[in-house]
Amino acid sequence: MRLYNTRTRSVEDFVPMRDGDVRIYVCGLTPSAQAHLGHARSFLFFDVLRRYLKHRGYRVTYVQNVTDVDDRSINEAKETGETYRDVVIRYYGEFKDAMRTLGVMPYDYEPYATEYIAEIQAMIAKLITAGHAYVAPEGIYYRVASFARYGELSNRNVEELESGARIEVDEQKEDPLDFALWKFAKPGEPSWLFEPYGDGRPGWHIECSAMAAALLDADGTGIDIHGGGADLIFPHHENEIAQSEPLMQRPPMANFWVHGGLLLFDNRKMAKSLGNFEPLADLVARHDPQAIRWLFLQTGYRKVMNFTEESIGAAAQGLARIKSAYRTLSQASSGVTPSSVEGLDARMEAALDDDMNTAAALAALYDFTARAASMVERPSIASAAVAHLRYWLEVLGVTPTGAWLEEPATTLPGQLVSNLQAALDAAEADSMRVAIAGLPPHEAVERILAARNEARRGRDWSTSDRLRAALQRCGIEINDGKDGTTWSYVSAASR
RNA sequence: GGCGACGUAGCCAAGUGGUAAGGCAGGGCUCUGCAAAAGCCCCAUUCGGCAGUUCGAAUCUGCCCGUCGCCUCCA
């Protein structure tokens with residue numbers, strides 16, 4: 001397959017360094033605030049990448065870290081009166097719940113920075129010895145001038161960076177570009193012993209260098225893929241390279257640097273500092289998680305994408321078509337599974353081999369399901385079709401569930417009966433209001449439908465339509481079919 | 001100021017030299033008491049603008065316009 005490599009700024013053939021094994025390190029969350037959809041987009045992409053690499057037959061080892069001690073979580077804790085650890089546990093717990101709901105596979109390793117203090121310190125000591133770091137009054141800093149290739153990943157040159165007005169001048173640093181590897185303890189802040197330099201905590205960046213090496217690159221010859229959001233290219237990944245590569249046997253730190261495009265909201269980057277986002281947990285609760293995934297699959301992973309509420313509705317509609325075809329094919333299936341279905345596998349692989357072109361992959365699925373109706377005639381073909389469809393949906397992480405085989409949602413809210421009574425009031429059907437009082441929601445719906453069908457049999461269309469309107473006001477969509485009337489509940493969120 | 005991405009139908013979006021995928025919305029049809037759902041069909045002579053290269057350009061080059069990102073914390 002081919003994959004875009006930020007390091008070379010080109011699409012290259014992806015070949016694992018070790019035969020059959022792919023090692024991936026993705027920079028995870030710094031849980032200092034609620035996660036948002038932008039985080040989800042990034043991690044959802046890497047989830048699909050993992051799944052596809054597995055389809056391709058590789059054994060994938062996936063590491064996604066948690067930067068659990070950092071200025072941000074410490075500051076948040078000061079504001080809320082918690083410990084930084086409380087803050088991390090709370091926000092990271094919410095994040096993991098959302099990831100699970102979105103169908104992200106468990107990570108092989110999920111290292112916390114504070115569990116790797118020893119490795120971090122060992123790395124800092126080596127950097128000092130090698131002349132890449134120095135001790136200053138408030139901390140230990142990385143000497144950017146000591147690393148000639150600084151700026152290569154992000155295509156920046158040091159002079160331009162230094163002339164930039166945005167760099168804070170700090171007297172204790174040799175150079176404004178130098179960054180903290182270790183921050184000496186201040187009162188009230190978490191700290192760890194570090195002889196002989198002084199107690200303190202790690203700076204941002206060093207934890208990833210240390211953990212990536214500890215978990216995936218013990219011999220210092222590099223890993224296959226290092227990833228994250230595009231906003232991490234500079235300075236985070238640039239700094240990781242500067243920290244890691246001077247100590248390695250054989251750079252580069254990562255063969256492929258892979259970055260996901262950022263998510264915009266209102267055409268501005270989704271970020272806590274801009275205040276323009278809805279917490280991920282809320283969005284996941286309000287929408288079908290599979291529709292959220294589908295939405296991201298529609299757009300190239302490297303492209304900047306603008307999120308709108310409408311776009312997720314459109315994605316849900318599209319996914320509903322796939323679900324419908326899946327249901328149709330499943331019902332027609334003979335139970336035996338022939339080996340292949342023309343074209344689908346080849347088209348999916350061609351799309352995903354091409355730098356994970358998920359949008360083209362979805363087009364292949366739509367074209368394929370458009371032929372479902374004609375495949376229904378042949379049960380064995382339908383069996384193969386549904387098996388292959390299911391397989392590819394799983395590769396994309398949109399795994400068909402039992403619910404796909406049922407008519408749309410039948411879980412009813414508890415207050416439905418009183419809603420119905422209010423709606424019926426508007427329909428001037430007093431007797432019915434009394435009749436459904438105290439009934440469980442399902443039975444209440446059935447009771448009203450029975451009355452409606454009686455009216456229909458008597459060709460009393462106005463009563464029939466009034467009852468239908470009352471049901472619709474409460475989210476009950478009905479469908480008069482040849483074999484009687486079916487109904488489903490459409491939740492307020494998706495209506 | 002430096003670096004970079006993007007601009008394709010009403011909306012989203014694939015496509016980076018060979019004559020515009022796909023989705024949503026919209027329209028038509030089938031079904032239906034009417035609807036809804038579902039299925040089928042239709043829906044860009046044209047790719048921000050202007051020049052240029054080429055037998056041929058959405059795709060390459062130049063200039064211009066617009067939007068966004070990174071350069072500070074950021075997925």
Side-chain angles (χ1 to χ4, degrees), chain A residues 9 11 26-30 32-33 35-46 64 70-72 75 151 154-157 159-168 177 204 227-236 238 259-264 267-274 294-295 297-300 302-308 310-322 324-325 327-328 347 351 354 357-367 370 372-374 376 407-408 456 459-462 464-465 468-469 472 477-482 485-488 490:
Chain A
R9 283 180 278 284
V11 177
V26 169
C27 292
L29 207 68
T30 299
S32 58
H36 54 68
L37 237 209
H39 297 113
R41 183 192 184 192
S42 195
F43 299 127
L44 244 11
F45 166 69
F46 286 106
Q64 187 175 310
D70 181 77
D71 291 354
R72 289 163 279 168
N75 290 338
S154 55
N155 191 30
R156 285 163 161 79
N157 69 61
E159 297 90 83
E160 275 165 5
L161 285 168
E162 291 188 327
S163 66
R166 292 172 131 183
I167 297 174
E168 225 176 284
L177 292 179
W204 185 43
D231 52 351
L232 293 183
I233 298 171
F234 190 93
H236 186 58
E238 198 69 71
H259 294 98
L262 296 184
L263 188 69
L264 308 182
N267 267 315
R268 306 202 60 194
K269 181 177 156 180
M270 217 176 247
K272 184 197 174 194
S273 55
L274 298 171
W294 201 255
L295 172 67
L297 292 169
Q298 288 177 333
T299 301
R302 287 194 283 129
K303 266 189 88 171
V304 171
M305 173 180 170
N306 191 39
F307 172 75
T308 63
E310 296 88 320
S311 66
I312 201 162
Q317 279 304 116
L319 216 211
R321 284 253 309 279
I322 300 288
S324 168
R327 191 183 315 139
T328 303
R347 246 187 105 179
D354 179 19
N357 190 336
T358 51
L362 294 202
L365 289 178
Y366 280 116
D367 285 344
S374 64
V376 169
E407 296 301 322
R456 292 178 71 215
R459 308 188 75 78
D460 178 1
W461 306 126
S462 69
S464 164
D465 289 350
R468 177 170 63 196
Q472 282 174 337
E477 289 295 339
I478 64 178
N479 177 9
D480 297 323
K482 279 201 172 79
T485 300
T486 59
W487 59 275
S488 61
V490 185

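Every chain is numbered from 1 and lettered A, B, ... according to where its sequence line falls, protein lines coming before strand lines.
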Legend entry - Nearest-nucleotide pick for A:Phe234, side chain only, options being B:A21, B:C70, B:A75: B:C70
Inset, instruction - Measure distances between side-chain N and O atoms of A:Asp354 and base N and O atoms of B:G15, and say whether any donor-acceptor pair falls under 3.5 Å. - result: no
Legend entry - Spacing of A:Glu159 atom CD relative to B:C3 atom P, expressed in whole Å: 13 Å
Inset, instruction - Answer with yes or no whether A:Arg468 presents, from its side chain, a donor or acceptor under 3.5 Å of a partner atom in the base of B:A35. - result: yes
Inset, instruction - Please work out if A:Leu262 contacts a base, only the sugar-phosphate, or nothing of the nucleic acid, heavy-atom cut-off 4.0 Å. - result: base
Inset, instruction - Determine yes or no for a side-chain-to-main-chain donor-acceptor pair under 3.5 angstrom, with A:Asp354 supplying the side chain and A:Asn357 the backbone. - result: no
Inset, instruction - May I ask you to verify if any side-chain N or O of A:Gln317 is less than 4.0 angstrom from the OP1 or OP2 atom of B:A25? - result: yes
Inset, instruction - For A:His236, answer base if it contacts any base atom (sugar-phosphate contacts may also be present), sugar-phosphate if it contacts only those atoms, and nothing otherwise; contact means non-hydrogen atoms under 4.0 Å. - result: nothing
Legend entry - Between P of B:G2 and CG of A:Asn157, the distance in whole Å: 12 Å
Inset, instruction - Assign each of A:Phe43 and A:Ala314 to its nearest nucleotide of RNA chain B by heavy atoms, then name whichever residue's nucleotide is nearer the 5' end. - result: A:Ala314
Inset, instruction - May I ask you to evaluate whether A:Asn155 reaches the phosphate of B:G4, defined as a side-chain N or O under 4.0 Å from OP1 or OP2? - result: yes
Inset, instruction - Classify the nucleic acid contact of A:Met270 as base, sugar-phosphate or nothing, counting any heavy atom under 4.0 Å across all strands shown. - result: base
Legend entry - Interatomic distance, A:Asp231 CG vs B:C68 P [rounded to whole Å]: 17 Å
Inset, instruction - Searching all strands shown, indicate the nucleotide that pairs with B:G66 (Watson-Crick or G-U wobble; both distances under 3.5 Å). - result: B:C6
Legend entry - Smallest separation among heavy atoms of A:Gly38 and A:Leu263, with atom names: N-CD2, 3.6 Å
Inset, instruction - Provide the Watson-Crick or G-U wobble partner of B:A20, both distances under 3.5 Å; none if there is no partner. - result: none
Legend entry - Spacing of the P atoms in B:U46 and B:A9 (rounded, Å): 12 Å
Legend entry - A:Arg268 (side chain) and B:C68 (base): donor-acceptor pair under 3.5 Å: no
Legend entry - Distance in angstrom units between A:Tyr366 OH and B:G22 P, rounded: 12 Å
Legend entry - Pairing residues for A:His259 by the ring pair (Phe, Tyr, Trp, His ring centres under 6.0 Å) criterion, not counting sequence neighbours: A:His237
Inset, instruction - Side chain of A:Arg347 only, please: which of B:C70, B:A21, B:A75 is the nearest? - result: B:A21
Inset, instruction - Please work out if A:Gly260 contacts a base, only the sugar-phosphate, or nothing of the nucleic acid, heavy-atom cut-off 4.0 Å. - result: nothing
Inset, instruction - Measure the distance from CG on A:Leu44 to P on B:A75 and round it to the nearest whole Å. - result: 16 Å
Inset, instruction - Send over the distance from A:Trp294 CH2 to B:A13 C1', rounded to a whole Å. - result: 14 Å
Legend entry - Touch class at under 4.0 angstrom, heavy-atom based, for A:Asn267 against every strand present: sugar-phosphate
Legend entry - N or O in side chain of A:Lys303 less than 4.0 angstrom from B:A14 OP1/OP2: yes
Legend entry - Nearest-nucleotide pick for A:Ala363, side chain only, options being B:G33, B:U67, B:G22: B:G22
Legend entry - Under 3.5 Å on both distances, the Watson-Crick or G-U partner of B:G1: B:C71
Check nucleotides 39-42 of chain B against the protein and report each pair of N or O atoms closer than 3.5 Å, with its distance, or say if there are none.
unit_1: B:C40; atom_1: OP1; unit_2: A:Ala370; atom_2: O; d: 2.7

Legend entry - N/O donor-acceptor pair under 3.5 Å between A:Thr328 side chain and A:Ser324 backbone: yes
Legend entry - Proximity to the side chain of A:Asn479 - top-ranked nucleotide from B:A37, B:G22, B:A75: B:A37
Inset, instruction - Using a 4.0 Å heavy-atom cut-off across all strands, classify A:Asn306 as base, sugar-phosphate, or nothing. - result: nothing
Legend entry - Pairing partner of B:G39 (Watson-Crick or G-U wobble, both distances under 3.5 Å): B:C29
Inset, instruction - Scan A:Leu365 against the nucleic acid and name what it touches under 4.0 Å (heavy atoms): base, sugar-phosphate only, or nothing. - result: nothing
Legend entry - Phosphate OP1/OP2 of B:G15 contacted by A:Asn357 side-chain N/O (<4.0 Å): yes
Inset, instruction - Please test A:Phe307 against A:Ile312 for side-chain contact (heavy atoms from CB on, under 4.5 Å), starting from the C-alpha separation and ending with a verdict. - result: CA-CA 8 Å; A:Phe307 172 75; A:Ile312 201 162; 4.3 Å; yes
Inset, instruction - For residues A:Gly261 and A:Arg41, report the shortest heavy-atom separation together with the two atoms involved. - result: O-NH1, 3.0 Å
Inset, instruction - Under the side-chain contact (heavy atoms from CB on, under 4.5 Å) rule, what do A:Thr358 and A:Phe45 come out as? Steps first, then yes or no, please. - result: CA-CA 10 Å; A:Thr358 51; A:Phe45 166 69; 5.9 Å; no
Inset, instruction - Using a heavy-atom cut-off of under 4.0 Å over every strand shown, decide if A:Arg72 touches base, sugar-phosphate, or nothing. - result: sugar-phosphate
Inset, instruction - Would you indicate what A:Ser464 reaches in the nucleic acid, counting non-hydrogen atoms under 4.0 angstrom: base, sugar-phosphate, or nothing? - result: base
Legend entry - Nearest heavy atoms of A:Gly151 and A:Glu238, plus distance in Å: N-OE2, 2.9 Å
Inset, instruction - Classify the nucleic acid contact of A:Gly313 as base, sugar-phosphate or nothing, counting any heavy atom under 4.0 Å across all strands shown. - result: nothing
Inset, instruction - Report the base-pairing partner of B:G52 (Watson-Crick or G-U wobble, both distances below 3.5 angstrom), or none. - result: B:C60
Inset, instruction - For A:Gly28, report the nucleic acid contact type (base, sugar-phosphate, nothing); a contact means any heavy atom under 4.0 Å. - result: sugar-phosphate
Inset, instruction - Report yes or no: is there a donor-acceptor pair, N or O only, under 3.5 Å between the side chain of A:Asp71 and the base of B:C73? - result: no
Legend entry - Contact summary for A:Asn306 and A:Asn267, nearest pair of heavy atoms: OD1-N, 3.0 Å
Legend entry - Nearest-Å distance for atom pair CD/C1', residues A:Gln298 and B:G23: 6 Å
Inset, instruction - Specify the residue among A:Ser311 and A:Trp461 whose closest nucleotide of RNA chain B lies further upstream toward the 5′ end. - result: A:Ser311
Inset, instruction - Kindly determine whether A:Met305 and A:Leu295 satisfy side-chain contact (heavy atoms from CB on, under 4.5 Å), including the steps that lead there. - result: CA-CA 10 Å; A:Met305 173 180 170; A:Leu295 172 67; 3.6 Å; yes
Inset, instruction - Report which part of the nucleic acid A:Thr299 touches: base, sugar-phosphate, or nothing (heavy-atom distance under 4.0 Å, all strands). - result: sugar-phosphate
Inset, instruction - Taking all non-hydrogen atoms of both residues into account, name the closest pair between A:Leu262 and A:Ala230 and its distance. - result: CD2-N, 4.1 Å
Inset, instruction - Quickly work out the A:Leu319 CG to B:A38 C1' distance and round it to whole Å. - result: 17 Å
Inset, instruction - Would you mind classifying the nucleic acid contact of A:Ile478 as base, sugar-phosphate or nothing, using non-hydrogen atoms under 4.0 angstrom? - result: base
